[in-house]
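Since the structure comes first, as structure tokens, the remarks are kept for the end.
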Amino acid sequence: MGALLTHAGEVTQEQAEAMPWKGVASLEDTLTHIITAERYWLANWQGKERPHFEWPESIAEVSDHWMALQAETRAFLADVEEDELGRMLELRQPIGGGRETLAAGIMHVLLHAAQHRAEAAVLLSDCGRSPGELDYIDFLEHREALLRIR
């Protein structure tokens with residue numbers, strides 16, 4: 001998501017808000033959707049009520065929300081023990097009243113975000129700001145390079 005947000009910060013506000021074709025959300029709305037969904041799921045994993053979310057007014061605000069959410073999510077996941085992954089979640093609206101395991105919820109968030117990151121990448125490419133490779137292996141290589149620099 002970092003590469004997406006970096007390149008998204010390079011488009012105009014008009015480009016970020018543009019609806020490129022029928023049935024597709026704007027770049028800003030797509031990135032915001034990823035964050036709102038992840039915030040919902042994190043609260044659910046923590047057994048908290050659905051959080052109130054102020055819709056960002058710019059890509060910069062989306063980025064700020066994402067950075068804060070990532071820190072909170074990483075802290076939560078760092079404390080999860082293996083035996084907790086089978087814990088049943090009580091899914092709250094808008095998802096439904098069903099039940100699923102914590103592990104399934106985590107997997108859902110990963111796959112859901114991957115879908116929407118791909119959509120955001122297409123929107124950025126249409127604006128001439130392709131984020132480049134988004135494969136997980138590319139992320140790992142980039143992270144490894146950063147760790148070597150430190």
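Numbers here are sequence positions counted from 1. Since the structure is predicted, the reported quantities are computational estimates derived from the model, not experimental observations. Reckoned from all heavy atoms, side chains included, excluding hydrogens, waters and symmetry mates.
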So do L27 and L124 actually touch side chain to side chain, heavy atoms under 4.5 Å?
yes
With a 4.5 Å cut-off on side-chain heavy atoms, are F53 and T32 touching?
yes
Tightest non-hydrogen contact, residues L123 and S26, listed as CD1-C, 3.9 Å
Are any non-hydrogen side-chain atoms of D29 and W55 less than 4.5 angstrom apart?
yes
Roughly how far apart are W45 CH2 and L102 CG, rounded to 0.5 Å?
7.0 Å
What class does the angle between the rings of H116 and H33 fall in, given that below 30° is parallel, 30 to 60° is tilted and above 60° is perpendicular?
perpendicular
Quick check: is M1 connected to F139 through a chain of hydrophobic side chains (ILVMFWY, heavy atoms under 4.5 Å apart)?
no
Any donor-acceptor N/O pair, R129 side chain to T6 backbone, under 3.5 Å:
no
Note, L42 side chain near E72 side chain (heavy atom, < 4.5 Å):
yes
Can you tell me how far CG of D79 sits from CZ of R74, rounded to the nearest 0.5 angstrom?
14.5 Å
Determine yes or no for a side-chain-to-main-chain donor-acceptor pair under 3.5 angstrom, with S63 supplying the side chain and I59 the backbone.
no
Hey, does the side chain of Q115 reach the backbone of H112 with a donor-acceptor pair shorter than 3.5 angstrom?
no
Side-chain donor or acceptor of E61 paired with backbone N/O of E57 under 3.5 Å
yes
Any I106 side-chain heavy atom under 4.5 Å of V80 side chain
no
Within the 4.5 Å heavy-atom criterion, are V24 and M19 side-chain neighbours or not?
no
Other than L111, what residues sit in its cluster of Ile, Leu, Val, Met, Phe, Trp and Tyr side chains whose heavy atoms are under 4.5 Å apart, directly or through others?
M107
Are T101 and R87 packed together at the side-chain level, in the sense that at least one heavy-atom pair is separated by less than 4.5 angstrom?
no
Please check this pair: side chain of N44 against backbone of E90, looking for a donor-acceptor N/O pair closer than 3.5 Å.
yes
Classify the side-chain pair E54/H52 by whether it contains a donor and acceptor separated by less than 3.5 Å.
yes
Quick check: do P56 and E28 have side-chain heavy atoms less than 4.5 Å from each other?
no
So, does E38 use its side chain to make a donor-acceptor pair with the main chain of I35 at under 3.5 Å?
no
Kindly determine whether L31 and W66 satisfy side chain to side chain contact (heavy atoms under 4.5 Å, CB included), including the steps that lead there.
CA-CA 9 Å; L31 295 172; W66 183 77; over 6 Å; no
